[in-house]
Amino acid sequence: MTPQAVLQRYFGYSQFRKGQAELINSILSGRDAVGIMPTGAGKSICYQVPALMLEGMTIVISPLISLMQDQVDALRMNGIPAAFLNSTLSAEAYRATLSQVFSGNVKILYAAPERLETESFLHIAQELPISMVTVDEAHCVSQWGQDFRPSYLKIADFLQMLPVRPRISAFTATATQEVCEDIVRLLGLHEPFRMTTGFDRENLYFGVQQPRDKFHALMQILHEHPNQSGIVYCLTRKLVEQVCDELCENGISATRYHAGLTDEERRANQEAFLYDRIAVMVATNAFGMGIDKSNVSFVIHYNMPKNLESYYQEAGRAGRDGSPADCILLYSGRDVRTNQFLIEHSSDNAELDEATRAQLRQRDAERLKQMTFYSTRQSCLRQFMLDYFGESAKPFCGNCSACRTNYEQRDMTIEAQKIVSCIYRLNQRSLQFGAAALTDILRGSKAQKYEKFRFADTLSTYGIMADVSEKLCRAMIQHLLAENWISQTGEFQVLTLNRNSARLLRERCAISLNVVKEAPPEEKKTRKQEVSENPELFAALKECRTKLAAKESVPAYIIFTDATLRDMCQKLPLHEMAFLSVAGVGQRKLEKYGEPFMDVIRSYLREHPAT
Ligand code: ADP
Ligand code: ZN
């Protein structure tokens, strides 16, 4: 069978997505490989397809213990013999799995990194033919990543102990060069094939709001997503509890997740969310690495997270099946301070020496600054994000809050010169201020705290922007910072000039800012909900799926994703061949579920003969 035939037969997809075919072919040729692809891009297929085609068993190392069961269930649903070994198994189940593995009946074996050192596991790995070792979430090996796991450093030792070195493939959604180099080096990859696909996820809408009342804004968004599943991320445990309680009081079906809960509650809440018994999960960032629930329609950040890496990863949990989804950040200035506090008081990396820790703290502060730029930005959010991850992008995406709101370009060349001159004049007098104070000075504030400087008599730039609103003045300063015409330094984030500032004055560089048009029409803040073509049929198919899922005790999306149901609504298949052409229907699922779903479609068509 060709890779494409395997994709169709087992997974029900007719085409590879970007990067998948190249990675698979390279793995099949025997090379090591590194795949860097954003969440939801389809990394699993890249190792699962070759695993099925190669002689022997593939070991997949993953830190996501709580998800292994789901991953393995999903594979089995597709008729793929898979199993997992981790600490959640009872001694008996562990033994049973081991003997299953030894009988040669397992093609893909998931294991937690801690397992690698155990004797029974080494025994398997040394006795059985291993076609490939796949390292999932490979960035965990690097202390530069956001999820460093010391146990990942043991993987290289494990590989050394194998009688024959299998090919190795590593996957992550984290893109930075440092992390990528660490992955290659620390896992001991041999001249790996590298594939980095674009980071853009076109189906995601990105929005930032700066509401006076966050909870009110949250309720508003939830009302725009009735009967849909979503995640609300909060920065602290306390806030998780508060927001979750308030949502429940307001009649929203919500549950919570953070590291302070008992294992039992965490597991129960996660399951309620995965199985669609509860619509909204309120959580800290402890929830979710690798959550592959496919029908998450929105991810709302109640607070700004500490960096864009985390933000993109968390937001990326929306719309994994390719359906349109919303990622909305509720920003407030307080979030910046909370994050600063968390960075300064972080107990992470306690095992590192002080110099390295200081270096990491500084890096974190820089990342936080970029996150703040994103949150306060006036022009295309997607462009900023892609640019941050090292990709060039169009200046206008049309699917973010900045592009969606009616913006107009406003020339701010003169204002930019005023701002830069003001900083320059202040610096001449050895004075440095942050953005808020500079705004006051430019607008000629009479506040008492400035009296001692006697700006009115001595500073020519005092009050030269009195005609500009405070908000616009702040936006202009922020824009100059984001475009690196001026800098911000030190504990108090004071504004300073840099090499570009002089150029700005000397060359009279033209600078423009996207500003909101006068009185924009009242419009929805999020994208329009895409409704399936036949809402009624879609609902009936969902009901059928819910019943089957309950019968088999699996989450609904493991049977079919929303995207697959939507495709059924479009194709209206009535016989096997047609059903197989639906995206997400492979051979096994056709056999198992074809009839019940086609029955639903048949009876829908009987009632709606005109369709
Ligand atoms: P991630 O890169 O985050 O690990 P997954 O492997 O979980 O992503 O894939 C995300 C979703 O995309 C899954 O629902 C998967 O079935 C689907 N998918 C993967 N490859 C394809 C493809 N070639 N065609 C259609 N859907 C695909
Ligand atoms: Zn945009």
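Computed from a predicted structure; not experimentally measured. Indexing begins at 1, ligand by ligand and atom by atom, following the structure's order.
- No side-chain donor-acceptor contact under 3.5 Å links T564 and D567.
- Residues Y302 and Y233 keep their aromatic ring centres 6.0 Å or farther apart.
- For atom 13 (C) of ligand 1, the protein comes within 4.0 Å by no heavy atom at all.
- Counting atoms of ligand 1 from 1 in the listed order, those under 4.0 Å from a heavy atom of Q15 are 22 (C), 23 (N), 24 (N).
- Relative ring orientation between F389 and Y312 is described as tilted, the plane-to-plane angle lying within the 30° to 60° band.
- Residue F16 approaches ligand 1 through these ligand atoms, each under 4.0 Å from one of its heavy atoms: 23 (N).
- The angle that C397 SG and C400 SG make at the Zn ion (ligand 2), rounded to 10°, works out to 110°.
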Mind running salt bridge (charged side-chain N to carboxylate O under 4.0 Å, His left out) on R194 and D32 for me, showing each step along the way? CA-CA 9 Å; R194 295 175 194 229; D32 288 354; over 6 Å; no
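- For atom 24 (N) of ligand 1, the nearest non-hydrogen atom of the protein is Y13 CG, 3.4 Å.
- Residue P38 has at least one heavy-atom neighbour below 4.0 Å for each of these atoms of ligand 1: 2 (O).
- Side-chain atoms of R317 never come within 3.5 Å of backbone atoms of V296 as a donor-acceptor pair (strictly under, hydrogens ignored).
- We find that R267 and E271 are not joined by a salt bridge, their nearest charged nitrogen and carboxylate oxygen being 4.0 Å or further apart.
- The protein heavy-atom contact nearest to atom 10 (C) of ligand 1 is G40 O, 3.6 Å.
- Between D321 and ligand 1, a contact under 3.5 Å exists for no N or O pair.
- For atom 9 (O) of ligand 1, the nearest protein heavy atom (residue, atom name, distance) is G42 CA, 3.4 Å.
- In this structure, Q20 has a heavy atom closer than 4.0 Å to ligand 1.
- Taking every non-hydrogen atom of S44 and a distance limit under 4.0 Å, the qualifying atoms of ligand 1 come out as 4 (O), 5 (P), 6 (O), 7 (O).
- Classification of K394 and D200 as a salt-bridged pair fails, no side-chain N sitting under 4.0 Å from a carboxylate O.
- Residue contact check for ligand 1: A583 places no non-hydrogen atom closer than 4.0 Å to it.
- Counting protein heavy atoms only, atom 4 (O) of ligand 1 is closest to R320 NH2, 3.6 Å.
- Below 30°, between 30° and 60°, or above 60°: for F384 and Y374 the angle between ring planes is between 30° and 60°, a tilted geometry.
- Residue contact check: I45 has heavy atoms under 4.0 Å from atoms 19 (C), 20 (N) of ligand 1.
- Other residues, nucleotides and ligands place no more than 12 heavy atoms under 6.0 Å from the NZ atom of K18.
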